[in-house]
Every structure is written in C-alpha cells, then in structure tokens.
Amino acid sequence: MGVCNEMKTNIAVFASGRGSNFAAIAKAIKSGRIKKANLALLVCDNLNAPVILKAKKFKVKVALVRRDIFPTKNDFEDRIIRYLKENKIGLIVLAGFMRLLSLGFIRVYKNRIINIHPALLPSFKGAEGIKDAFDYGVKITGVTVHFVDGQMDHGPIIMQKEVKIEEKDTLESLEVKIHKVEHKLYPEAINSLIREKLRIKGRRVIISNRQSRKRPQSDLR
Ligand code: GAR
C-alpha cells in the first residue's frame with residue numbers, strides 16, 4: 001500500500017481530542033498486532049488536545065495545524081498535505097478528527113484515508129454517535145471502520161463490530177464498552193488494510209486472500 005519505508009507503511013493519525021484510539025494504534029504497532037507499519041505522524045488541529053501528550057509519550061512526531069491561522073480551508077489542507085508528503089505517508093487514519101476533509105484532499109489520498117465511528121453506520125452519524133444510539137433506545141449498537149469519502153461518516157465499510165446495550169447500561173458504561181471495541185477493531189482493520197488484498201466495488205469492500213508474509217501489499221490505489 002502507498003508509500004513504504006523499508007517495506008513499512010507510514011501512517012499518519014489525525015486527531016483533535018483525547019487520543020485513546022491513537023494510543024491503541026501506537027501500542028498495536030509496538031506489540032506487532034499491526035505489522036509492517038510505522039506511526040510516522042500525528043496531525044492535530046487543537047493546541048490543547050490531550051492526544052499531543054500521548055504522541056510525545058510514544059515519540060511520534062506532531063504536526064500541529066490550527067485551522068484559524070489559515071485564510072481558507074484550502075490553505076489549511078495544503079499545509080497538512082505538505083506535512084504528509086514530507087513524512088512519506090501512505091495511510092491516513094482519522095481518530096476523532098472533528099473536521100470534514102475536502103474532496104480535493106481526499107482525491108490526493110484516494111482510498112488511503114480511513115475513519116472510525118462509534119456506532120453501526122449508517123445509523124447515528126455525527127459527533128455524538130454513542131449518546132444518540134443510547135438515547136434512541138436501540139438494543140444493539142457498535143463500531144464501524146470505513147473509507148473516507150466526501151460525506152461525513154459515509155464511505156465504504158471495512159469492518160463493523162456490534163455492541164449490545166443492556167438494561168443495566170448507562171451512557172457511561174456504554175462509552176466504556178464502545179471504546180474497548182474501538183481499540184481492538186481499529187488496529188485489526190489497519191493491519192488488514194496493510195497486509196491483505198482489498199477491493200472496493202461500489203459500496204462494498206471485499207477482503208480477499210491473505211497475502212504471503214514476503215509480499216504484503218494492498219490493491220488500493
Ligand atoms: C472515537 O470514539 C471515535 O469513534 C469518534 O471520536 C472518538 C475519539 O476518541 N469519532 C467520531 O465520532 C466520528 N464521527 P479518542 O480521541 O479517544 O480516540
């Protein structure tokens with residue numbers, strides 16, 4: 001997949017807040033649950049985001065790009081693209097990045113941008129997926145990992161995992177359950193993207209035969 005460094009895919013995580021998924025990905029790379037990957041960059045748009053401290057802890061380079069210092073969204077995204085190119089990024093992983101990327105940006109990294117959402121898409125899109133599902137009273141919710149297209153929480157789905165909402169659950173206990181699933185599912189999806197043969201057919205993502213260890217590669221372009 002994409003640009004590799006000594007056969008490793010360079011990953012950039014984009015995050016705006018807490019960074020628990022960032023930490024889960026960093027740990028998964030360190031422990032070998034995500035293979036052939038290098039967590040090369042954190043792109044963060046929020047000066048006060050706790051994820052920045054997590055990046056320092058894992059010794060990951062930080063690109064702090066505040067939207068408000070750029071006159072247009074285009075200038076903001078161009079600056080990010082420069083950071084991505086400088087760091088030879090092959091895969092962009094959105095983890096609580098609370099901005100919609102433009103179609104121009106997505107085109108540059110076609111099929112190489114993924115996102116995680118804390119609900120079973122297409123239900124409960126948006127910034128409050130866990131609360132919206134809880135308030136609606138659904139019995140089953142979950143987590144979705146998907147490719148990013150121009151619409152919010154919308155592109156072709158790579159993996160989903162269900163989470164039951166039980167009578168004893170509170171919003172807080174549900175959040176804990178959802179995050180636990182996210183921290184397992186996102187590394188699994190990233191590993192699969194890097195190591196397996198994926199095809200996008202319309203809205204469907206088809207994960208076919210596992211690649212041999214010698215030639216990890218993805219079909220995505
Ligand atoms: C995660 O729960 C992620 O699914 C959600 O933001 C949270 C970030 O948490 N993303 C969305 O809601 C996208 N619509 P984290 O900063 O602890 O990883």
Side-chain angles (χ1 to χ4, degrees), residues 11-30 33-34 37 39 41-58 60 62-67 80 91-102 105-106 109 113-136 138 140-165 169-191 193:
I11 294 177
V13 172
F14 284 31
S16 306
R18 190 173 60 147
S20 70
N21 281 285
F22 171 89
I25 293 162
K27 280 184 202 153
I29 290 175
K30 220 171 156 188
R33 270 179 301 128
I34 300 175
L39 185 41
L41 191 66
L42 167 71
V43 173
C44 182
D45 60 342
N46 173 10
L47 184 63
N48 301 312
V51 69
I52 294 173
L53 288 179
K54 293 191 170 78
K56 293 203 167 129
K57 182 178 153 205
F58 285 99
V60 174
V62 179
L64 183 61
V65 193
R66 281 171 43 196
R67 169 67 186 88
I80 295 178
L91 176 65
I92 296 172
V93 173
L94 307 187
F97 187 65
M98 291 306 174
R99 283 179 194 281
L100 207 53
L101 296 168
S102 72
F105 184 102
I106 293 166
Y109 284 91
I113 312 174
I114 61 173
N115 181 42
I116 191 161
H117 183 70
L120 291 178
L121 292 174
S123 295
F124 309 114
K125 295 176 180 178
E128 302 280 350
I130 305 176
K131 182 174 185 302
D132 292 346
F134 184 78
D135 289 348
Y136 197 87
V138 292
I140 298 173
T141 182
V143 174
T144 304
V145 178
H146 64 94
F147 285 107
V148 170
D149 63 10
Q151 297 176 48
M152 186 182 55
D153 301 326
H154 178 268
I157 291 171
I158 302 166
M159 282 185 188
Q160 286 186 304
K161 179 77 186 161
E162 76 284 358
V163 173
K164 278 191 182 161
I165 302 181
D169 272 319
T170 59
L171 176 58
E172 290 69 32
S173 71
L174 179 60
E175 281 170 349
V176 171
K177 289 204 287 196
I178 292 276
H179 291 310
K180 200 167 161 202
V181 170
E182 286 191 324
H183 300 162
K184 197 159 170 276
L185 192 70
Y186 220 1
E188 207 179 295
I190 293 167
N191 191 48
L193 253 175

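In each ligand, atom 1 is the first atom listed, and ligand 1 is the first ligand listed. Computed from a prediction, not measured in an experiment: that's the story for all the values here.
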Quick one: does [X]'s side chain have a donor or acceptor within less than 3.5 Å of a partner on [Y]'s backbone?
X	Y	answer
Lys54	Arg18	yes
Lys177	Lys164	yes
His117	Pro122	no
Thr144	Ala119	yes

For this session: Write out the protein residues near ligand 1, meaning a non-hydrogen atom under 4.0 Å from one of its atoms, in order of chain and number.
Result: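 Within the 4.0 Å shell of ligand 1, which is judged on heavy atoms, sit Arg18, Gly19, Ser20, Asn21, Gly96, Met98, Ile116, His117, Pro118, Gly126, Asp153, His179, Glu182.
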Problem set entry | Criterion ring-ring contact (aromatic ring centres under 6.0 Å, His included) against Phe97, the qualifying member of Phe105, Phe14, Phe22 |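 Looking at Phe105, Phe14, Phe22, the match for Phe97 under the ring-ring contact (aromatic ring centres under 6.0 Å, His included) is Phe14.
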Exercise. Is the closest side-chain donor-acceptor distance between Asn46 and Ser16 under 3.5 Å?
Worked result: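 Judged by distance alone, the side chains do not pair up.
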